[in-house]
Amino acid sequence: MAEVKLLGTWPSPFSYRVIWALKLKGIPYEYFEEDLSNKSPLLLQCNPVHKKIPVLIHGGKSICESIVILEYLEETWPQNPLMPDDPYERALARFWVKFVEEKGVAVWVKFFSSGEEKEKAMKDSLEMLKTIEEHALGKKKFFCGDKISLVDIAYGWMARWMEVIEELAGVKLFEPQKFPRLHAWMKDFKDEPMIKENLPGHDEMLVYFKNKH
Amino acid sequence: MAAQPKLLGTLPSPFVYRVIWALKLKAIPYEFIEEDLTNKSPLLLKYNPVHKKIPVFLHGDKPVCESMIIVEYIDEVWPQNPLLPNDPYEKALARFWVKFAEDKATSVWRMFRSKGEELEKTKKETQEMLQTVEEHGIGEKKYFGGDSMGIADIAFGSVVYWLEVIEEAVGEGAVFEAHRFPRLHAWIKNFKQVPVIKENLPERDWMVTFFKNRREALVGSA
């Protein structure tokens with residue numbers, strides 16, 4: 001198999017999505033830390049449209065957008081599957097991935113705003129959490145059943161990044177008694193060996209995001 | 001499956017047309033159920049409780065929501081006339097451009113709903129989006145999918161054909177200029193000539209009137 005390279009940045013949950021998938025499938029890869037204030041020629045060449053990380057480079061071909069990369073990994077390395085077999089289950093999985101792409105990750109950035117914008121971000125976040133709690137998980141351990149899937153990976157930013165954001169923004173939304181299923185899911189997700197060994201440090205993240213905002 | 005699949009939608013929604021095109025390209029018979037979005041049916045609320053939006057595709061008792069997810073589902077269940085390439089890398093490219101269309105094409109609708117400064121801003125955004133696709137997306141290919149149409153053509157087809165109508169309905173200067181976007185102009189011409197697409201495009205003059213009236217109601221007279 002041709003070699004795999006990953007361009008990423010250490011505090012990025014999008015970067016981690018790819019790392020988790022690579023680790024869960026046992027795919028060896030070489031990691032390159034990007035400096036987004038001084039983007040490498042490789043990054044600019046491989047992602048001319050968005051100039052963003054993560055970028056996966058496989059045998060010289062570059063794939064961009066974390067979820068697109070995950071689906072590519074799933075198709076190219078079918079061991080330890082991250083997607084269900086059944087087309088309907090797959091459609092459901094993609095539905096929930098799209099949901100978090102639109103509602104989750106977009107909202108968190110606004111947490112660092114103030115006043116009306118922050119109020120709205122909090123309201124939108126609560127609604128998003130409620131929808132997931134009510135409709136997405138059901139009685140399952142993970143989003144697609146007993147095993148970790150692409151959907152869990154897409155939601156994985158909640159495992160470390162959400163607590164950091166809440167701490168810095170001085171809000172507490174994700175309360176265990178309000179969101180018991182999600183809390184259980186988060187614990188199970190973080191307990192998975194490959195995830196546990198591949199999470200950025202809480203304190204380092206606090207410092208990083210504090211300085212950024 | 002015994003019963004015919006059902007498609008809940010409204011016309012002329014570009015999102016609904018994406019699904020119609022996929023179904024027609026694969027010659028899948030289906031029943032169309034027209035929704036009244038000012039008075040959503042119990043069926044719609046039951047099968048799309050999260051977003052309460054159309055299109056919803058009902059296959060047996062199973063609902064699939066979100067237009068491009070429906071298109072992928074249809075492609076997986078009915079593999080004739082495939083809409084996604086076999087090769088994983090080519091698939092990834094197709095998915096990249098579908099995502100781009102989903103993320104960036106909202107500017108067209110924001111343009112439709114705005115006036116004055118906001119209109120100028122969204123026009124510019126739309127042109128930037130088109131520029132990127134012109135430069136990086138379509139390239140020298142006949143279709144996004146290469147020699148034959150694919151999922152990215154469906155995604156962009158619904159954006160560009162509706163953009164052509166909306167820029168006329170808004171009537172504040174051209175956005176999708178032929179001299180600026182020659183590749184995209186060649187592509188949309190090819191797209192509209194694909195027999196299945198040609199037979200399943202809402203009529204242009206009717207659409208312009210429809211959207212002119214809608215715009216009048218939304219933003220008032222200029």
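Please read all numbers here as calculations on a predicted model, not as lab measurements. Here is how names work: the chains are called A, B, and so on, in the same order as the sequence lines, proteins then strands, and each is numbered from 1.
None of A/Tyr208, A/Phe32, A/Tyr31 except one satisfies the ring-ring contact (aromatic ring centres under 6.0 Å, His included) rule with A/Trp10; the exception is A/Tyr208.
A distance below 6.0 Å separates the ring centres of B/Tyr17 and B/Trp162.
Checked for salt-bridge contact, A/Glu34 and A/Lys5 miss the test: no charged N lies under 4.0 Å from a carboxylate O.
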Side chain to side chain donor-acceptor pair (under 3.5 Å) between B/Tyr89 and A/His58, intermediate numbers included: CA-CA 9 Å; B/Tyr89 176 67; A/His58 182 212; over 6 Å; no
Carefully, step by step, assess A/Arg90 and B/Glu72 under the rule salt bridge (Lys or Arg N to Asp or Glu O under 4.0 Å). CA-CA 9 Å; A/Arg90 290 158 75 85; B/Glu72 277 212 62; over 6 Å; no
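For A/Lys130, no part lies near chain B; criterion is any non-hydrogen pair under 4.5 Å. Looking at A/Glu101, the atoms closer than 4.5 Å to chain B (heavy atoms on both sides) all sit in the side chain, from C-beta outward.
In terms of heavy-atom pairs under 4.5 angstrom with chain A, the leader among B/Val50, B/Val64, B/Thr132 is B/Val50. When each of A/Ile69, A/Val68, A/Leu92, A/Ile67 is checked for heavy-atom pairs under 4.5 Å with chain B, A/Val68 comes out on top. Contact count against chain A (heavy-atom pairs under 4.5 Å) is highest for B/Ile69 among B/Ile70, B/Val77, B/Ile69, B/Asp75. When each of B/Met68, B/Lys99, B/Arg95, B/Glu135 is scored by its heavy-atom pairs under 4.5 Å with chain A, the top score falls to B/Arg95. Counting heavy-atom pairs closer than 4.5 Å to chain B, the top-ranked of the candidates A/Glu134, A/His135, A/Glu71, A/Glu102 is A/Glu71.
Considering only heavy atoms from C-beta on, A/Val4 stays 4.5 Å or farther from A/Ile57 through its side chain. Here the side chains of B/Tyr47 and B/Asp61 are in contact, with some heavy-atom distance below 4.5 Å.
Aromatic ring pairs are classed by plane angle as parallel below 30°, tilted from 30° to 60° and perpendicular above 60°; the pair B/Phe144 and B/Trp187 is perpendicular. The aromatic rings of B/Trp21 and B/Phe191 stand perpendicular to each other, their planes meeting at an angle above 60°, with 30° marking the opposite boundary.
Contacts between residues 113-128 of chain A and chain B, defined by a heavy-atom separation under 4.5 Å, are made by no residue at all. Within residues 40-55 of chain A, the residues having any heavy atom closer than 4.5 Å to a heavy atom of chain B are A/Pro48, A/Val49, A/His50, listed by residue number. When the heavy atoms of residues 142-164 of chain A are compared with those of chain B, none of the residues falls under 4.5 Å.
Side-chain contact annotation: B/Thr122 with B/Arg110, donor-acceptor N/O pair under 3.5 Å absent. In summary, the side chains of A/Glu74 and A/Tyr72 do not present any donor paired with an acceptor at a separation below 3.5 Å, with no hydrogens or angles considered.
Applying the side-chain hydrogen bond (donor to acceptor under 3.5 Å, both in side chains) test to B/Glu35 and every residue at least two apart in sequence or in another chain returns B/Ser41.
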